[in-house]
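Written below as structure tokens is the structure these notes are about.
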Amino acid sequence: MASSRRQYPFHLIEPKWQQYWEIQQIFRAWNPGEPVPENHPFAQRHGAHSMAAGRKAPPKFYILDMFPYPSGAGLHVGHPEGYTATDILARYKRACGFNVLHPMGWDAFGLPAEQYAVKTGQHPRQTTEQNIATFKRQIQSLGFSYDWSRELATTDPDYFKWTQWIFLKLYNSWFNPETNKAEPIETLKYPAELQSGSVGRASSRADSGDGSSVASPHQNLESARHAYRDSKRLAYVSEQPVWWCEQLGTVLANEEVVDGKSEVGGFPVVRKPMRQWMLRITAYAGKLLSDLDTIDWSDSLKEMQRNWIGRSEGAEVDFQIFGQTAKIRVFTTRPDTLFGATYMVLAPEHRLVDEIATEDRWQAVEDYRERTVRKSDLERTELAKEKTGVFTGAYAINPVNGQKIPIWIADYVLASYGTGAIMAVPAHDTRDFEFATKFNLPVVQVVQPLDPKTDWRGFVEDGTSVNSTGPEISITGLPTAEAKKKIAAWLEANGLGRKTVNYKLRDWLFSRQRYWGEPFPIVWKHGPDGQSHHEALPESALPVLPPELTDYKPTATGEPPLARAKDWVNLPDGSTRETNTMPQWAGSCWYYLRYLDSKNAYAFVGKEVESYWMSSRGHQSAPFSATEKNAPTNVGGYTPQGVDLYVGGTEHAVLHLLYARFWHKVLFDLGYVSTPEPFFKLVNQGLILGEDGQKMSKSRGNVVNPDDILADYGADAFRLYEMFLGPLQDTKPWSTRNVEGVYRFLGRVWRLFVDEKSETEFEQAETTAGTSSRACQSAEVRGFTSAATNLLNLIKLDSVIKDVTARPSQLKTLHACIKKVTEDLDGLRFNTAISALMVFVNEAMTWETKPVSVLRDLLVLIQPFAPHLAEELWAKLNLAFSLQPLALPYAPWPKFNPALLVESEMEIPVQVNGKLRDVIKVPADADNAAIEKAAKASEKVQPFIAGKTIKKIIVVPKKLVNIVIG
RNA sequence: GCCGGUGUGGCGAAAUGGCAGACGCACAGGACUUAAAAUCCUGGGACCGUAAAAAGUCGUGUGAGUUCGAGUCUCACCACCGGCACCA
């Protein structure tokens, strides 16, 4: 920073008010039934009994930030962008009379702390606590109005006790397709063969619903029932290939694997099958998709979730295998192209491959499968890669025309989607076409493009069916949509297939081989026959704490580090604990609910409290924004509810936001929460790039440290700058130079109020006292604050601030500002709200007399943006004019009065053929005829219309005149 | 390839279909100062003019269209950003 004089003493003002807010608990949010101390400003504004039972509480507003992962690097300038936006809104809503819930906490489990532990032996909890302390100090130095009494960390046993509790709810529930809801597992009826004493064909493993699992040779009824229930739970166990990283000695989640290498360190990873816990998120695919229509999120975000869920409508069709009893079921979105199916493809992992491959093809098939398994997903799906595959030797019968078509295996067909098998229609599918071209398979046209010039080869859009007549069914001549319907109906009627919906969404792999995560509340019981099964621990056993270890490395066998703690793992009754831990996403799935009632020892959240904050009519008492487009209201039969505004980065578009919605919906089905969606309105803040327009990164050396900005310009300037940068949602480059612009603005606000001479005296006194350094503040906070207050009291108000009635022009300036700032805050347009404040201040600087009333309103308007400066000036005004108002954060938001903006004259632009020629002044009450007359009389307009025929004159009332000439 | 978004001065940006460029940065000139910093005032899209003005012409990625009137609406195209990517 240029070593210039401070615009104003923010270095004293900011710590002073931050400490005041904390000691007075100014930003405590009050729960229903909670007694509010009489001297708290909330009580002064709303009444001491406003939250008492049976009283109608003030409307709530729940405004939430995505809580940060407290990394060792500390805060970067991207964090405060969202936090400032939410804080401004929180302060604005508080001033508008809402009971505002604005909490902060820590998403504190995670790999970095664990890796540090592996390297140094320092317990991850210690690392985590240090990082939280840094983050908290940095966040608090920005003056956010968080209710810190609700602070939580996902790593607190009091918190993850309830994460484990929710897991038990998932474990003890199943999804009932008939009610389309999660229900307690007890409501699950056993199939007929498990109801009597007979031992039936029960599947012994997680059942994917295709009824194909092989029955165990011998099981008694009890264990068969057990297995059946286990296969239906929302939390279940299955054997899954996962990413294993030898160098890191751990398994990695998909999102930690980038381009076939570990995101951390760039080490190679391999697929390895392991026993895993899964969460049945796929059961909710339909609801997760359709309920997007009921919430106010950006189009792009909703689209990302839609793509991730990936719904496609189509049909399943059974193909008889030639010469065998087995059938192959395929999924297709284009049943209308069935006549063009000239071959079939199975995924190499498809379970029928073994059965159908002929002897002469066996070796080729086996070789191909071998190669496929070794390939990573990346290699399999790599862009523009050549198609590969081998013929199995077997044939299938096309059910519509009886044709014998070859069955291939190829890795472009994924085992995990649909049925793992496709009918290939090379004429009308790009991938099938490539494959057919490479292996010389026949290509038969069955769809005619509407435009006859379009080549039908590789034509994948809708058209008209051709060559589609078989012995029993014909769809030739039908448009695609109708052809689909007709063929689907025929398939269904003949038992050959049925309409279905498929989703790309997969079940959520929920276990990690980590130390620093929530242990599962699960034990394994080992039967005498060598069989073992899992059982839930009772709620009374929660929280399940992780054992203390000295070595955090995963074991050589790939077992989780928890397995090292033998005393912890082995229980007296011979059972053993589950040694996996939950993924980092678990804690963030429900933290917004814990904030509501973070100290509750008896429930994850109290019922009444949940209902007040999540489903009382906050939106109705004050619409978020009347002007907002696309704000869904009352969609799907219920008023949108939940968190009123959630702000965070796009990086969580599909994972956190999908997982949290899923958990919330399960809790809703089970009756624990009162809304089907957690987040009513969600906004993604845009990325802040480096000064060079590149993404900020250490390697580029363009990272801006918030602490530096704070030291040079203060928190208020930092807040203001982040908001003035541009629209919240946009990506925008950082510019330290531009910080000076808003910093100067705050200096002008300061000089609008204070007497310059007294400030000079203050500066001399400060130099003598030597308290100018920020460093001394932490040492003796109280001493610092009283010294700072004494110094600041030397600064007096400007003598032209008087208790006089404001002039009409002054009121006009003020109310234009009130209007603009209010509307812009409702629309989250912080940058233009700030420019409106600048316009006001620029104007007010020229006033020879400054009415107190106007300046007080100004401070209420500025308070959300620059709270420290506003508080200091507010205090000075109150002192000088002996006022005893509410604490500034609770002072009512000024009400815009349109009558004050009325002018006696208005300016009307006059156009000739749409081109501006003059701006005329007419009386405010002039009617259209008078305006038209004045426009034609204008001297500047005359030359353009003289001698021309006037074809038409458009007068937009009070707005504009356009004279159209020939 | 598919989906979503964005294109406006030297820069960040602003404009319910109605005066394009508010507000701010940078810049230039002036005031204050021994001087500098800070502060205050003034100027500014481009072109063409002029001693200086005025007037005029052009101008919101490109090309068409709708309209009395388009940065804004429609269509096509181009560029950039983000997401997904053999999902049948």
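Just so it is clear: chains get the letters A, B, ... in the order the sequence lines come, proteins before strands, and each one is counted from 1. Basis for what follows: all heavy atoms, side chains included, without hydrogens, waters or symmetry-related copies.
- The CG-C1' distance, from A:Asn684 to B:rG83, rounds to 12 Å in whole Å.
- The aromatic ring centroids of A:Tyr721 and A:Trp734 lie less than 6.0 Å from each other.
- Checked against A:Gln7 for a side-chain hydrogen bond (donor to acceptor under 3.5 Å, both in side chains), the options A:Arg751, A:Arg748, A:Arg744 give a single hit: A:Arg751.
- Between B:rA55 and B:rG61, the distance separating the two P atoms is 27 Å to the nearest Å.
- Comparing B:rC86, B:rA88, B:rG5 by their closest approach to the side chain of A:Asp411 singles out B:rC86.
- Counting only N and O atoms by type, the side chains of A:Asp824 and A:Thr832 include a donor and acceptor under 3.5 Å apart.
- If A:Leu725 and A:Gly310 are placed on RNA chain B by their nearest nucleotide, the residue sitting closer to the 5' end is A:Leu725.
- Looking only at atom types and distance, the side chain of A:Glu759 has a donor-acceptor partner in the side chain of A:Trp750 under 3.5 Å away.
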Determine whether A:Lys732 and A:Glu81 satisfy the following criterion, salt bridge (Lys or Arg N to Asp or Glu O under 4.0 Å), listing intermediate values before the conclusion.
CA-CA 11 Å; A:Lys732 50 230 160 213; A:Glu81 187 193 12; 2.6 Å; yes

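- Remark: A:Ile409 CD1 to A:Met344 CE distance equals 13.5 Å, nearest 0.5 Å.
- Looking at A:Ser312 and A:Tyr417, their side chains do bring a donor and an acceptor atom within 3.5 Å of each other.
- Here the separation of B:rC73 from B:rC41, taken at their C1' atoms, is 44 Å to the nearest Å.
- Residue contacts for A:Thr430: at a heavy-atom cut-off of 4.0 Å it reaches no nucleic acid atom on any strand shown.
- With rounding to whole Å, A:Arg917 atom CZ is found 6 Å from B:rG56 atom P.
- On the C1' atoms, B:rU74 is 23 Å away from B:rC80, given to the nearest whole Å.
- Straight-line distance from the CH2 atom of A:Trp308 to the P atom of B:rG82: 18 Å, rounded to whole Å.
- Rounding to whole angstrom units, CG of residue A:Leu687 and C1' of B:rU6 are separated by 15 Å.
- A donor and an acceptor atom sit less than 3.5 Å apart, one in the side chain of A:Lys387 and one in the base of B:rC86.
- Rounded to whole angstrom, the span from the CG atom of A:Asp918 across to the P atom of B:rG56 amounts to 10 Å.
- The glycosidic torsion of B:rG9 lies within 90° of 0, placing the base in the syn range.
- For the pair A:Lys850 (side chain) and A:Ala844 (backbone), a donor-acceptor distance under 3.5 Å is absent.
- Heavy-atom nearest nucleotides on RNA chain B were determined for A:Gly420 and for A:Met845, and the one closer to the 5' end corresponds to A:Met845.
- A:Arg917 and A:Ser938 share no donor-acceptor pair across their side chains, judged by distance under 3.5 Å alone.
- Among the atoms of the strands shown, none is found under 4.0 Å from any heavy atom of A:Lys958.
- Of the side-chain N and O atoms in A:Lys952, one or more sit less than 4.0 angstrom from OP1 or OP2 of B:rC68.
- The distance between atom CD of A:Gln685 and atom C1' of B:rG82, rounded to the nearest whole Å, is 15 Å.
- Within 4.0 Å of A:Phe840, counting heavy atoms only, lies no atom of the nucleic acid at all.
- Within a 6.0 Å sphere centred on NZ of A:Lys438, other residues, nucleotides and ligands contribute more than 12 heavy atoms.
- As rounded to the nearest Å, B:rG65 and B:rG17 have C1' atoms that lie 15 Å from one another.
- Atom CZ of A:Arg6 is separated from atom C1' of B:rA38 by 14 Å (rounded to the nearest Å).
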Please evaluate residues A:Arg306 and A:Asp293 with respect to the criterion salt bridge (Lys or Arg N to Asp or Glu O under 4.0 Å), reporting the C-alpha separation (whole Å), side-chain torsions for both, the decisive distance (0.1 Å), and the verdict.
CA-CA 11 Å; A:Arg306 286 193 189 105; A:Asp293 295 337; 3.4 Å; yes

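- Rounded to a whole angstrom, the distance from the C1' atom of B:rA26 to that of B:rU33 is 24 Å.
- Non-hydrogen atoms lying under 4.0 Å from RNA chain B are contributed by A:Arg751, all within residues 750-759 of chain A.
- Of the side-chain N and O atoms in A:Gln7, one or more sit less than 4.0 angstrom from OP1 or OP2 of B:rU39.
- Between B:rA31 and B:rA37, the two P atoms lie 14 Å apart (nearest whole Å).
- Nucleotides B:rA70 and B:rG63 place their P atoms 15 Å apart, quoted to the nearest Å.
- The gap from the C1' atom of B:rC23 to that of B:rG44 amounts to 16 Å, rounded to the nearest Å.
- More than 12 heavy atoms of other residues, nucleotides or ligands lie within 6.0 Å of NZ in A:Lys387, so this atom counts as buried by the packing criterion.
- Ring-plane geometry between A:Tyr743 and A:Phe10 is classed as perpendicular, the angle between the planes exceeding 60 degrees on a 0 to 90 degree scale with a lower cut at 30.
- Atom OH in A:Tyr412 sits roughly 19 Å away from atom P in B:rA85 (whole-Å rounding).
- Aromatic ring orientation, A:Phe435 versus A:Tyr412: tilted (interplanar angle from 30° to 60°).
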Treating primed atoms plus P, OP1 and OP2 as sugar-phosphate and everything else as base, which nucleotides of nucleotides 14-25 of chain B get B, S or - for protein heavy atoms under 4.0 Å?
S-B-BB--BBSS

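- Helical stems in RNA chain B, defined as runs of 3 or more consecutive Watson-Crick or G-U wobble pairs with donor-acceptor distances under 3.5 Å: B:1-7 with B:78-84, B:10-12 with B:23-25, B:27-31 with B:39-43, B:45-47 with B:56-58, B:61-65 with B:73-77.
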